[in-house]
Enquirer: 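The structure is given below, and queries will be raised subsequently.
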Amino acid sequence: MKITFYGHASLGIQVNDVNILVDPFISANPKASHINIDALKADYILLTHAHQDHIVDVEAIAKRTNAIIVSNFEIVSHFEALGLEGHPMNHGGSWDFEFGTVKYVNAIHTSSFPDGKYGGQPGGFVIEGEHKNIYIAGDTALTFDMKLIPMRTDLDLAIFPIGDNFTMGVDDAIIASDFVKCDKVLGYHFDTFGYIEIDHEEAKRKFFDKGKDLMLLEIGESIEL
């Protein structure tokens with residue numbers, strides 16, 4: 001499993017020959033100006049919620065690639081009305097895709113489209129691949145619901161928002177890593193704009209002091225599990 005950070009909360013995940021994009025907000029992010037969305041591969045696009053900074057590039061990429069959009073019922077219905085293909089889910093539900101099993105789990109946040117239309121309830125994704133399991137928390141506060149995840153899944157990586165203000169910050173992400181029983185964390189949803197700028201070295205030190213590993217990737221940088 002190869003994971004690439006495209007800035008903000010945008011990720012690329014490659015599992016064998018399958019390419020997955022998560023929350024593509026790239027073309028409108030000045031920090032990701034070196035990423036060409038027309039060169040990105042996508043068989044699936046996973047969306048945690050409907051906010052603009054998570055869906056802005058969905059339509060353009062899905063029309064070019066014929067990717068299947070996976071999200072809550074309201075978000076999938078929105079994009080199906082635009083002629084795109086989707087797979088609707090809701091909290092607690094799982095589905096076996098060709099790249100692994102996806103479970104849509106709770107997140108505490110809001111969700112609306114840029115025009116104010118209701119975007120369903122926000123969520124996160126637990127992906128159980130053939131060899132590796134990851135949790136993509138989405139935009140969320142720290143929540144006790146995270147404790148349910150390790151009851152079903154042993155995680156190899158947890159991906160948490162750490163920018164604070166709109167989501168949990170570094171200190172709560174450390175607690176979240178305890179809740180999900182995963183000490184290997186990839187941070188995202190930070191530095192894109194002023195409200196969520198963080199001190200990278202302090203964030204890494206706080207995780208290190210708790211015996212945990214926080215990875216902060218450069219935009220376009222990848223890791224392999």
Side-chain angles (χ1 to χ4, degrees), residues 6-13 18-29 37 40 42-128 134-146 148-149 152-153 159-161 163 165-168 176 188-189 192-193 196:
Y6 290 125
H8 197 51
S10 303
L11 303 167
I13 303 172
V18 180
N19 292 281
I20 305 153
L21 286 178
V22 181
D23 289 355
F25 171 75
I26 301 167
S27 65
N29 180 4
I37 66 167
L40 297 180
D43 300 297
Y44 297 88
I45 300 176
L46 274 56
L47 302 176
T48 62
H49 64 294
H51 284 162
Q52 182 174 356
D53 59 330
H54 294 256
I55 68 163
V56 74
D57 292 318
V58 172
E59 188 175 355
I61 293 173
K63 282 183 175 178
R64 176 178 57 82
T65 63
N66 295 315
I68 298 171
I69 297 165
V70 180
S71 190
N72 66 40
F73 176 81
E74 288 80 5
I75 290 175
V76 168
S77 296
H78 169 87
F79 285 109
E80 284 181 336
L82 299 176
L84 304 174
E85 185 177 357
H87 180 105
M89 301 189 73
N90 218 320
H91 298 97
S94 300
W95 189 263
D96 293 332
F97 293 93
E98 60 184 304
F99 58 87
T101 300
V102 175
K103 188 178 184 74
Y104 190 64
V105 297
N106 288 344
I108 297 180
H109 196 60
T110 56
S111 179
S112 57
F113 287 95
D115 63 1
K117 185 175 72 174
Y118 177 58
Q121 295 299 305
F125 297 100
V126 176
I127 301 175
E128 295 184 355
I134 65 173
Y135 168 42
I136 304 168
D139 282 13
T140 187
L142 177 66
T143 167
F144 271 114
D145 287 338
M146 294 173 179
L148 298 173
I149 291 172
R152 292 282 303 271
T153 306
I159 303 173
F160 290 137
N165 194 74
F166 296 112
T167 68
M168 62 184 179
Y188 76 168
H189 207 279
T192 315
F193 31 80
I196 59 173

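Basis for what follows: all heavy atoms, side chains included, without hydrogens, waters or symmetry-related copies.
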Enquirer: Between Met168 and Ala176, which heavy-atom pair has the shortest distance, and what is it?
Expert: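 Distance-wise, the nearest heavy atoms are CE-CB, 4.0 Å.
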
Enquirer: Run the side-chain donor-acceptor check on residues 79-92: report pairs under 3.5 Å with partners two or more places apart or on a different chain.
Expert:
{"residue": "His91", "atom": "NE2", "partner": "Pro122", "partner atom": "O", "Å": "2.8"}

Enquirer: Which one of Ile20, Leu21, Val18, Leu46 satisfies the side-chain contact (heavy atoms from CB on, under 4.5 Å) criterion with Ile13?
Expert: Ile20

Enquirer: State whether the side chain of Ser71 and the backbone N or O of Leu47 hold a donor-acceptor pair below 3.5 Å, judged by distance alone.
Expert: yes

Enquirer: Is any side-chain heavy atom of Thr192 less than 4.5 Å from a side-chain heavy atom of Phe25?
Expert: yes

Enquirer: Looking only at heavy atoms, which two atoms of Tyr104 and Thr48 are closest? And how far apart?
Expert: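 Where Tyr104 meets Thr48 most closely, the heavy atoms are OH-O, 3.4 Å.
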
Enquirer: Supply the atom-to-atom distance Ile45 CD1 to Ser10 OG, rounded to the nearest 0.5 angstrom.
Expert: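 Taking CD1 in Ile45 and OG in Ser10, the distance rounds to 10.5 Å.
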
Enquirer: Ignoring hydrogens, what is the shortest heavy-atom contact between Ala137 and Ala107? Give both atom names and the distance.
Expert: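 Heavy atoms of Ala137 and Ala107 come nearest at O-CB, 4.0 Å.
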
Enquirer: Backbone N or O of Gly123 within a donor-acceptor pair of the Asn72 side chain at under 3.5 Å?
Expert: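 The answer is no, because no donor-acceptor pair under 3.5 Å joins these two groups.
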
Enquirer: Hey, do the aromatic rings of Phe160 and Tyr188 have their centres closer than 6.0 Å?
Expert: no

Enquirer: Identify the two heavy atoms, one from Glu74 and one from Gly119, that lie closest to each other, and give their separation to 0.1 Å.
Expert: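 So the minimum-distance heavy-atom pair works out to CB-C, 4.0 Å.
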
Enquirer: For the atom pair OG (Ser112) and CD (Gln52), what is the distance rounded to the nearest 0.5 Å?
Expert: 10.5 Å

Enquirer: Output side-chain donor-acceptor pairs under 3.5 Å for residues 53-66, partner residues at least two apart or in another chain, one line each.
Expert:
{"residue": "Asp53", "atom": "OD2", "partner": "His8", "partner atom": "NE2", "Å": "2.6"}
{"residue": "His54", "atom": "ND1", "partner": "Asp23", "partner atom": "OD2", "Å": "2.8"}
{"residue": "His54", "atom": "NE2", "partner": "Asp139", "partner atom": "OD1", "Å": "3.4"}
{"residue": "His54", "atom": "NE2", "partner": "Asp139", "partner atom": "OD2", "Å": "3.0"}
{"residue": "Asp57", "atom": "OD1", "partner": "Ser27", "partner atom": "OG", "Å": "2.4"}
{"residue": "Asp57", "atom": "OD2", "partner": "Ile26", "partner atom": "N", "Å": "2.7"}
{"residue": "Asp57", "atom": "OD2", "partner": "Ser27", "partner atom": "N", "Å": "2.9"}
{"residue": "Glu59", "atom": "OE2", "partner": "Lys63", "partner atom": "NZ", "Å": "2.9"}
{"residue": "Arg64", "atom": "NH1", "partner": "Asp38", "partner atom": "O", "Å": "3.3"}
{"residue": "Arg64", "atom": "NH1", "partner": "Leu40", "partner atom": "O", "Å": "3.3"}
{"residue": "Arg64", "atom": "NH2", "partner": "Ile37", "partner atom": "O", "Å": "2.7"}
{"residue": "Arg64", "atom": "NH2", "partner": "Leu40", "partner atom": "O", "Å": "2.6"}
{"residue": "Thr65", "atom": "OG1", "partner": "Ala42", "partner atom": "O", "Å": "3.3"}
{"residue": "Thr65", "atom": "OG1", "partner": "Ile61", "partner atom": "O", "Å": "2.8"}
{"residue": "Thr65", "atom": "OG1", "partner": "Ala67", "partner atom": "N", "Å": "3.2"}

Enquirer: Quick one: does Ile159's side chain get under 4.5 Å of Leu11's, heavy atoms only?
Expert: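 Yes, their side chains come closer than 4.5 Å.
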
Enquirer: If we ignore angles and hydrogens, is there a donor and acceptor under 3.5 Å between the side chains of Thr110 and His51?
Expert: yes

Enquirer: Do Phe113 and Ile75 touch side chain to side chain, with heavy atoms closer than 4.5 Å?
Expert: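 In contact.
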
Enquirer: Measure the spacing between OG of Ser111 and NZ of Lys117 and express it to the nearest 0.5 Å.
Expert: 11.0 Å

Enquirer: What is the ring orientation for Phe99 with Phe97, classed by angle as parallel under 30°, tilted 30 to 60°, or perpendicular over 60°?
Expert: parallel

Enquirer: Could you tell me whether the side chain of Thr140 and the main chain of Ile108 form a donor-acceptor pair under 3.5 Å?
Expert: yes

Enquirer: Do Trp95 and Thr101 have side chains that get closer than 4.5 Å, going by heavy atoms?
Expert: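 The answer is no, as the side chains (C-beta and beyond) never meet within the 4.5 Å cut-off.
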
Enquirer: For the CG atom of Asp43 and the CD atom of Glu98, what is their distance to the nearest 0.5 Å?
Expert: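 If we round to the nearest 0.5 Å, Asp43:CG and Glu98:CD are 6.0 Å apart.
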
Enquirer: Restricting to non-hydrogen atoms, name the atom on Arg152 and the atom on Glu128 that form the minimum distance, rounded to 0.1 Å.
Expert: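 Heavy-atom minimum between the residues: O-OE2, 3.9 Å.
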
Enquirer: If you count the non-hydrogen atoms of other residues, nucleotides and ligands that lie under 6.0 Å from OH in Tyr118, is the total more than 12?
Expert: yes

Enquirer: Testing the basics here: between Ala141 and Met146, what is the closest heavy-atom pair and its distance to 0.1 Å?
Expert: O-CE, 3.6 Å

